[in-house]
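Contents: one structure, followed by commentary.
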Amino acid sequence: KHMVMMDDPFDLLRPTTVTVRVSAKVNLALGVGNRAPDGFHPLATVFEAICIYDEVTVTRRDDSRITLTISGEDANQVPTDETNLAWQAVELVRNESVPEWENRGHGVDIHIDKSIPVAGGMAGGSADAAGALMAAAALYRIPDSPEELQPLAAELGSDVPFCLTGGVALGRGRGDRLAPVICRGRHRWVFATSNQGLSTPAVYRRFDELGGNPGGEAVPNDLISALTRGDLDAVAGSLSNDLQAAAIDLRPELEEVLTVGREAGALTALVSGSGPTCAFLVRGTAGVKKVSTAVSNLPQVHRTRIACGPAAGAQLLPGPVGS
Ligand code: C5P
């Protein structure tokens with residue numbers, strides 16, 4: 001159905017290179033239920049896209065190879081082979097759009113310019129996958145309908161569908177079944193990253209070992225209502241993360257980071273997703289300054305990042321204006 005013909009008369013109109021900007025996320029709530037037989041945990045999570053961006057550029061090649069290069073912060077910690085989710089995203093789109101016998105000449109160069117912390121619980125890998133998915137779809141001319149990208153995104157990872165849509169959303173199931181949340185106002189955040197990332201499966205495993213949280217996948221109605229009313233204090237009072245105890249159990253030094261941020265005036269301090277990045281919701285530029293200064297002095301903090309939310313999802317950056 002999605003066949004790309006070599007003699008497609010529109011071939012000349014297709015772009016040869018496409019750049020997509022993708023944002024990081026923080027989980028305002030991360031409710032985790034008990035592990036299901038398939039190994040995944042049922043979730044009720046509220047995602048907020050954050051204005052820290054990676055850029056994913058996909059460029060057509062004359063042969064069928066895929067290559068991947070990475071620049072930016074901590075680029076050397078990111079794999080540049082087929083284990084990278086962005087690579088898998090391109091292959092997924094190519095397999096959907098190009099029949100096997102025609103694979104010749106449908107290779108691409110992928111380049112990722114990273115700014116999202118690596119293995120930090122901010123969906124860096126998932127954002128890159130969403131960006132690569134959208135860029136490859138633009139190059140290979142799928143899908144026929146926007147709804148077709150969402151299942152491909154979910155196949156790549158639980159957070160990838162949200163990275164496509166952005167904004168603020170409730171995620172159920174594995175986190176991939178999304179509904180938009182109406183959010184009034186914007187949030188200021190300070191993030192403190194760690195020297196060493198945490199593996200998401202390892203954090204979920206420790207969550208299980210610590211006894212899980214039966215019924216944890218209940219929808220956080222108080223938070224959703226606070227977001228819709230634009231009540232910052234109520235939002236701050238209802239942020240939660242069921243994976244936090246597991247992340248702190250694996251990295252006890254995170255406790256002090258949260259405490260120092262709280263004492264410096266953060267409205268709320270919590271671990272971002274599966275960690276180890278700590279997230280601080282703050283009020284005003286004064287709050288930003290106090291909290292970022294306080295936590296940046298800690299030896300276990302690698303970098304502090306300032307960001308706002310909500311941000312948009314994956315967006316094609318406009319090319320040059322046509323003549
Ligand atoms: O979906 P994704 O590949 O990002 O998930 C990575 C790992 O995180 C899974 O293999 C699983 O161990 C864990 N996970 C989970 N429950 C979820 C999402 C992820 O247990 N809802």
Side-chain angles (χ1 to χ4, degrees), residues 22-50 54 56 77-79 81-92 112 114 116-133 149-166 169-179 197-220 240-251 271-277 313-314:
V22 283
S23 36
K25 61 89 180 159
V26 62
N27 300 81
L28 304 180
L30 181 47
V32 184
N34 276 358
R35 186 177 176 276
D38 65 2
F40 283 80
H41 296 72
L43 304 182
T45 184
V46 176
F47 295 104
E48 175 168 305
I50 294 296
D54 283 0
V56 182
Q77 294 175 35
V78 183
D81 58 15
E82 68 283 353
T83 62
N84 191 302
L85 273 188
W87 183 303
Q88 292 170 25
V90 167
E91 285 199 314
L92 203 54
I112 303 173
K114 284 214 72 70
I116 304 176
V118 175
M122 298 188 73
S126 303
D128 296 344
L133 194 64
L149 276 191
Q150 243 18 17
L152 297 184
E155 202 176 311
L156 289 163
S158 308
D159 290 344
V160 182
F162 174 73
C163 291
L164 274 183
T165 55
L170 172 66
R172 304 191 72 189
R174 295 179 177 185
D176 56 328
R177 282 178 20 222
L178 299 171
L198 261 178
S199 133
T200 301
V203 176
Y204 273 104
R205 229 175 294 125
R206 184 53 59 94
F207 171 84
D208 295 338
E209 288 160 7
L210 293 174
N213 184 23
E217 70 275 33
V219 173
S240 67
N241 182 356
D242 286 352
L243 292 182
Q244 180 162 311
I248 291 175
D249 199 62
L250 292 168
R251 295 286 165 77
V271 169
S272 177
S274 56
T277 300

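Atom set for the values below is all heavy atoms of this structure, side chains included, hydrogens, waters and symmetry mates excluded. Count residues from 1 along the sequence. Note that ligands are numbered from 1 as they come in the structure, with each ligand's atoms numbered from 1 the same way.
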Is there side-chain contact between [X] and [Y], with heavy atoms separated by less than 4.5 Å?
X	Y	answer
L170	F47	no
R174	D159	no
L85	D128	no
P220	V46	yes
R172	T45	no

If the cut-off is 4.0 Å to any non-hydrogen atom of [X], which atoms of ligand 1 fall inside it?
X	value
G39	20 (O)
H41	15 (C), 16 (N), 17 (C), 20 (O), 21 (N)
T200	8 (O)
R174	21 (N)
S158	1 (O), 2 (P), 4 (O), 18 (C)
L43	21 (N)
G157	1 (O)

Identify, for [atom], the protein heavy atom at the shortest distance, and state residue, atom and that distance.
atom	result
atom 13 (C) of ligand 1	Y204 CD1, 3.3 Å
atom 10 (O) of ligand 1	F40 CZ, 4.3 Å
atom 7 (C) of ligand 1	P201 CG, 3.9 Å

task = Go through T277 and S272 one step at a time and tell me if the side chain to side chain donor-acceptor pair (under 3.5 Å) criterion holds.
result = CA-CA 6 Å; T277 300; S272 177; 5.9 Å; no
key: Whether D159 lies under 4.0 Å from ligand 1, heavy atom   = no
Whether G175 lies under 4.0 Å from ligand 1, heavy atom = no
query = Does any donor atom in the side chain of D208 or H41 lie under 3.5 Å from an acceptor atom in the other side chain?
reply = yes
message = Assess, by modelled atom type and distance only, whether the side chains of S158 and D176 contain a donor and an acceptor separated by less than 3.5 Å.
response = no
